[in-house]
Amino acid sequence: MKEIKIEYRSVDDLIPYINNPRHNEGAVEAVASSIKNFGFKNPIVVDGFGEIVNGHTRLKAAKKLGMDKVPVVVADDLTEDQVRAFRLADNKVAEIAEWDEELLRAEMEMIGLD
């Protein structure tokens with residue numbers, strides 16, 4: 001397994017995936033708020049050419065915040081088919097999970113979001 005290395009790249013050097021099937025405009029403000037409040041904790045993943053594998057919304061949020069550079073992980077060890085599969089899996093897998101509404105409510109109350 002390849003060791004993860006985070007590097008910082010200019011937002012202008014990252015290439016959005018032209019066929020991104022995810023419409024993420026509605027989430028940009030929330031992601032920008034998260035980055036502003038907690039920092040950039042989830043790097044953008046790009047392929048060996050700088051094309052985004054996952055992180056389109058994070059890039060848009062970074063630009064909204066006026067950031068010049070963002071943390072990036074380069075997935076240059078994946079084949080083209082693996083990049084496609086990872087791009088889809090990263091976005092779809094979270095949809096499989098379900099919330100325990102009682103625990104969610106308790107967590108939200110603890111941070112004042114009741």
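Positions are given from 1 along the sequence. Given the structure is predicted, the values throughout are model-derived calculations rather than measurements. Any value given below was found using the heavy atoms of this structure, including those in side chains, with hydrogens, waters and symmetry copies removed.
Residues I44 and I52 form a side-chain contact, since some pair of their non-hydrogen atoms from C-beta on lies under 4.5 Å apart. Annotation: side chain of V11 is in contact with side chain of L59 (closest heavy-atom distance under 4.5 Å). Side-chain atoms of E80 and V83, non-hydrogen and from C-beta on, never get closer than 4.5 Å to each other. When side chains are defined from C-beta on, L78 does not count as touching D47, because their heavy atoms never get closer than 4.5 Å. Residues V46 and E51 are not in side-chain contact: their nearest non-hydrogen atoms beyond the backbone lie 4.5 Å or more apart. Residues K63 and K60 have side chains not in contact (no heavy-atom distance under 4.5 Å, counting atoms from C-beta outward).
Side-chain atoms of N24 do not come within 3.5 Å of backbone N or O of A27 as any donor-acceptor pair. Side chain of H56 to backbone of N20: no donor-acceptor contact under 3.5 angstrom is found. A donor-acceptor pair under 3.5 Å is absent between the side-chain atoms of R22 and the main chain of T57, judged by distance alone. Not a single donor-acceptor pair under 3.5 Å links the side chain of E109 to the backbone N or O of A106.
By the 4.0 Å N-to-carboxylate-O rule, E95 lies close enough to K92 to be salt-bridged with it. The pair R9-E7 meets the salt-bridge criterion, with a side-chain N (NZ, NE, NH1 or NH2) lying under 4.0 Å from an Asp/Glu carboxylate O.
Under the 4.5 Å side-chain heavy-atom criterion for grouping Ile, Leu, Val, Met, Phe, Trp and Tyr, W99 is connected to I111 within one hydrophobic cluster. V70 is connected to L65 through a chain of hydrophobic side-chain contacts under 4.5 Å among Ile, Leu, Val, Met, Phe, Trp and Tyr, so both are in one cluster. No single ILVMFWY cluster, assembled from side-chain heavy atoms under 4.5 Å apart, contains both I35 and V28. By the criterion of side-chain heavy atoms lying less than 4.5 angstrom apart, applied directly or through intervening Ile, Leu, Val, Met, Phe, Trp or Tyr residues, F86 is not grouped with V74; the two fall into different hydrophobic clusters. No continuous path of ILVMFWY side-chain contacts below 4.5 Å connects Y17 to V73, so the two sit in separate hydrophobic clusters.
Considering OH of Y8 and CG of D68, their distance stands at 13.5 Å, rounded to 0.5 Å. Rounding to the nearest 0.5 angstrom, the gap separating the CG atom in D81 from the CZ atom in R84 is 6.0 Å. In this structure, R87 CZ and N19 CG are separated by 8.5 Å, a value rounded to the nearest 0.5 Å.
D76 and G48 make their closest contact through CB-CA, 4.0 Å (heavy atoms, listed as atom of the first residue, atom of the second, distance).
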